[in-house]
Every structure is written in C-alpha cells, then in structure tokens.
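Just below is one structure, and these are the notes that go with it.
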Amino acid sequence: MDFFLKLGLIFFISVITICPKLMYATAKEDSKYGSPKSGCCSLKIVSPPEPLHPIPSTQQVRWHQQEMGMFCHFGINTFHNEEWTDGTKTPESFNPTHFNPQQWADIAKQVGMGYLILTVKHHDGFVLYPTMHTDYCVRFSPWENGQGDVVKGVADACRKAGIYFGFYLSPWDRHEPRYNDCKAYDRYFMSLLDELLTNYGPIFEVWFDGAGTEGHVYDWDNYYKLIKEKQPDALIAICGPDIRWVGNERGLAPETLWNVQEREGKKVWYPAECDVPIRERQWFYHTDGEKKLLSLNQLLRIYYHSVGRGAVLLLNVSPDRSGHLPESDVKRLLEWRSVLNETFKVNLTERADWEASNIRGNSPEFAPEMCLKENDNRYWATDDNQRTGYVRLRFNTPIVFDRLVLKEHIQLGQRIEEHSIWIKNKKGKWEKISSATTIGYKRIHCIPEQKTKEIKIQIDKSLACPTLDFIGVYNSSPHDLKIPKKGK
Ligand code: FUL
C-alpha cells in the first residue's frame with residue numbers, strides 16, 4: 001500500500017479513537033449555546049456511496065445481525081405425539097410438569113441465537129396465555145391450576161437471558177367456531193394480537209404461518225396496522241411485509257440470495273428466514289422423536305447453507321412434556337456451537353497486510369482494513385465508477401485456511417452479483433479456489449484446505465460500486481465439515 005495512504009490510515013484511526021472524546025467535550029460545552037461545532041478534524045471529507053434502494057430498515061438490519069433464532073413449538077400437540085391435532089383435544093391434556101422457560105432462553109443464548117419465537121397458538125387453536133376471548137386456553141388446564149401463563153414465562157426468560165422475544169400466531173384455527181365467519185374471526189384474531197402486543201413487553205418478530213390459510217379471507221392490512229401501531233419495531237414474517245419464508249423447511253437458502261424482492265408490484269427489502277426443526281420433520285415434541293435428531297454434520301451443513309448464504313436461521317427445538325428442552329437436543333446444540341466457536345475463533349486477517357484495487361476517494365475511511373471488524377459501520381468502498389475490484393491480503397508467513405467469510409455493508413443496499421476467491425499458488429500464479437454469486441449480509445466459503453501467503457477477494461460483477469463490511473479468514477475445527485480437494 002502506498003506510504004501516504006498508510007500514514008493517512010494511521011492518522012484516521014487515531015483521530016476516530018480520540019475525536020469522539022474531544023467532540024463530546026466540545027459538544028457538551030457548546031450545547032448550551034445551540035448546536036455543537038462540527039468536529040475537530042480537517043480530513044478531506046469523502047462522501048459514502050449513495051444507497052442502492054431499496055435498503056433494509058433499522059429493524060431489519062438488527063434482525064440480520066442476530067443471524068440465528070430459536071423456534072419453540074410448544075402447546076397441546078406436545079402432549080399427544082401429534083404435529084397437528086384437530087382442535088378437539090381437551091385443555092386438561094396441557095400439563096407440563098416442570099415448566100422451565102429459563103432453560104429454553106438460556107440455551108438459546110448460549111448457542112448464539114439472538115431471539116426466540118414461541119408458538120402462542122398453533123393450528124389446533126389452543127392459546128398459551130390466559131385470554132378471556134376463548135376458553136380453549138391455559139385457563140382450563142390443570143397446569144398451575146389454570147393460573148399459568150406460558151407467554152409471560154417465556155417473554156420474561158428471554159429478557160433475562162438477553163435475547164429478543166417474538167411469537168407465532170397461527171391464522172388457521174381448527175378449533176374456533178368463529179373461523180367460519182371471516183369477519184368475526186378477524187375480530188377474535190385481532191383481540192389476541194392486541195393482548196400479545198400490549199402485555200408482554202417488546203416484540204421482536206410476529207410469525208404468521210401460511211399453512212391452512214388457503215381459501216380463507218383474512219384482514220391482513222388491519223393485522224399489520226395494529227402491529228405497527230402497538231409495536232413499531234416488530235417485524236412481521238412469512239405472511240407479512242418484513243421477512244420472507246425461504247421456501248422450504250430444511251434450513252436451506254438458495255445459492256443466489258437477493259434480499260430485494262418484488263412484492264405487490266414494488267421492489268422492497270424482503271430478507272429470507274430459514275426455519276427447520278432439529279428433529280427431522282417434527283416441530284412438536286414426540287416421545288419417540290430422539291431418533292429423528294439431526295446429526296452434528298447435518299446441523300453444520302444447515303448453518304453453512306442458511307447463515308452462510310446470507311439468510312437468518314430459525315432452528316426449532318421443541319420443549320418436552322416436562323417443559324424442558326430435551327437433554328439430547330441440548331447436547332447436540334452445544335456440540336454444534338462449540339465446533340462453530342472453534343472454527344471462527346481466530347481470524348487470520350488480523351495478521352494481514354491489506355491492499356485494494358481502488359479505495360473510494362483514496363480516503364482511509366474506505367480502506368480495505370475497515371473490513372477487520374464486523375458491524376462497526378466501517379467498510380471498504382470503491383469510487384462510483386468501479387463495479388469490479390479486489391481486496392488483497394498478504395501474509396508474512398504462509399497461512400492455512402478453509403473458510404472465508406464476506407459481508408456487504410447492506411445498509412447501503414445489496415450490490416454484489418458475482419465474486420471469486422483467489423490465492424497465490426506455490427508457482428507464484430493466481431489460482432481461483434472458489435466463486436459464488438451474491439454476498440448480502442454474509443457469505444461463507446467452505447473450501448478445501450489451502451496454504452498460501454496471498455489471498456485475493458475479487459468482485460466480478462456488481463449493480464453499483466461494491467462495499468465490503470467484513471472479511472474473515474479461518475482454519476476450521478477438526479470436527480467441522482471438510483471439503484475434499486478435487487480428485488481426492
Ligand atoms: C408449518 C406448520 O404447519 C408446521 O406445523 C410448523 O408450524 C411450521 C413452522 O410451519 O407451516
């Protein structure tokens with residue numbers, strides 16, 4: 001990298017570390033006279049790239065940053081070894097013996113889930129909090145003498161564990177007699193929504209399942225209006241405007257994943273969530289379901305095909321009849337987490353010397369080194385007229401790696417259409433070792449083990465000048481998935 005740019009970078013980093021303190025002091029002094037002075041630095045101001053619309057809302061960015069959530073299917077089905085009871089099971093059958101939502105939330109937190117979604121009412125219609133709008137709810141269950149409230153227990157536990165709370169509310173209802181009268185059912189559904197949005201603190205995500213809804217007319221607009229009125233930060237998923245279903249229940253995002261989608265004739269930021277149960281095709285607990293538990297490798301594959309392709313993973317772990325997450329599932333989750341922790345523990349880019357084909361305005365603010373840390377609002381960007389380019393990492397001594405993580409600065413829109421990874425091989429020639437299409441929030445390249453002193457991340461095609469928020473290079477845990485070299 002050229003000497004002056006390097007000098008500028010050192011100056012820039014010192015300035016942004018020291019300046020906020022100085023600016024804060026100045027702002028404090030000046031605030032009594034009006035607006036604070038505009039900073040203390042005399043660096044050339046280079047404006048950031050224009051956003052490529054549509055861009056995510058602040059709430060959607062926060063959602064992307066969670067990367068994973070835990071789905072908990074719990075309800076009357078839990079007690080009948082059935083996925084879809086038909087609304088005729090007696091409320092007396094709902095009776096967890098040692099309801100322990102803190103265990104659910106703590107495990108979710110421990111395995112890196114940023115939020116938890118509880119099925120408050122599944123297709124059977126049984127409601128997990130003591131509403132007065134139906135008798136088919138926990139009030140008529142022997143659990144805690146009909147005084148219990150699953151929603152409160154779970155929402156409080158999430159808050160205590162430090163993760164967000166959201167709920168699933170099935171529009172399709174096989175119990176409710178008013179279901180046959182669309183207008184009357186809308187009123188019922190809205191009154192449940194109202195209670196849930198009022199009584200349980202901040203709601204992160206509202207999940208409307210599309211199953212069983214065909215042919216029924218719902219007043220979606222008013223459902224959405226109520227949610228946005230009561231909880232403006234809540235995101236509405238699946239049958240809703242903020243988060244889309246990835247299209248399968250296997251935790252797999254497609255290889256090319258665009259967040260921008262056409263919805264009702266308009267282009268919008270509509271990111272994908274991958275929901276999948278940890279026990280094959282079982283969303284609810286079944287007494288003999290342990291044999292369906294996904295293997296460690298299956299879970300790792302799911303991670304790389306969802307989070308690793310820029311989607312958010314919503315992994316379902318179903319509490320059992322005691323009201324705990326089953327021990328076997330917890331053990332698997334912890335194993336999975338520890339492999340991922342081990343894989344992504346040491347980011348080798350910290351030892352690299354950085355270079356780029358182009359730096360926006362030649363400003364240190366947009367230098368490739370800005371990709372060292374994630375989610376810090378600093379990123380590499382090129383000049384507006386550049387649609388291709390590269391970041392090159394050089395190491396003093398050869399490194400061994402088999403994972404490469406890339407992130408776009410999605411706050412400015414999703415831009416990159418194609419990219420590739422190159423290394424300098426033993427003969428000193430550039431060799432392409434991986435290529436892919438979109439990046440979006442995150443892209444993880446799982447590649448055969450490589451040894452090199454130079455890596456190049458090449459942007460081959462972009463809708464506008466590209467940005468990169470983060471670059472991570474890792475050598476995976478011996479227990480993580482291995483990609484064999486061609487011909488082996
Ligand atoms: C599906 C439902 O029918 C399943 O029971 C489960 O709730 C899953 C998340 O969505 O559509």
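Each ligand, and each atom within it, is numbered from 1 in the order the structure gives. What you see is a predicted model; the values in this text were computed from it and never measured.
Residue contacts with ligand 1, taken as heavy atom pairs separated by less than 4.0 Å, do not involve Asn316 at all. At a 4.0 Å heavy-atom cut-off, ligand 1 does not touch Phe284 at all.
Counting atoms of ligand 1 from 1 in the listed order, those under 4.0 Å from a heavy atom of Asp275 are 9 (C). Atoms of ligand 1 found under 4.0 Å from any heavy atom of Ala211 (numbered from 1 in listed order, with element): 3 (O), 11 (O). Every atom of ligand 1 is numbered from 1 in the order shown, and the set under 4.0 Å from a heavy atom of Glu249 is 1 (C), 8 (C), 10 (O), 11 (O). Within ligand 1, counting atoms from 1 as listed, the ones closer than 4.0 Å to a heavy atom of Tyr168 are 7 (O).
Of all the listed residues (Glu83, Arg281, His123, His73), His123 holds the heavy atom that lies closest to atom 3 (O) of ligand 1.
At least one test fails for Arg159 against the ring of Tyr200: distance under 6.0 Å to the centre or angle within 45° of the axis. Under a cutoff of 6.0 Å and an axis angle of 45°, Arg62 and Tyr164 form a cation-pi pair. Relative to the six-membered ring of Tyr270, Arg263 meets both conditions, a distance below 6.0 Å and an angle of at most 45° to the axis.
Salt-bridge check for Arg139 with Asp135: passed, with a basic side-chain N closer than 4.0 Å to an acidic carboxylate O. Salt-bridge formation is detected for the pair Lys228/Asp242: a Lys NZ or Arg NE/NH1/NH2 atom is positioned less than 4.0 Å from an Asp or Glu carboxylate oxygen.
No N or O atom of Trp207 sits closer than 3.5 Å to an N or O atom of ligand 1.
For atom 11 (O) of ligand 1, the closest non-hydrogen atom on the protein side is Asp209 OD1, 2.9 Å.
The ring of Phe204 has its center no closer than 6.0 angstrom to the ring center of Phe165. Proximity of the aromatic rings of His305 and Tyr303 is defined here by a centroid distance below 6.0 angstrom, and this criterion is not met.
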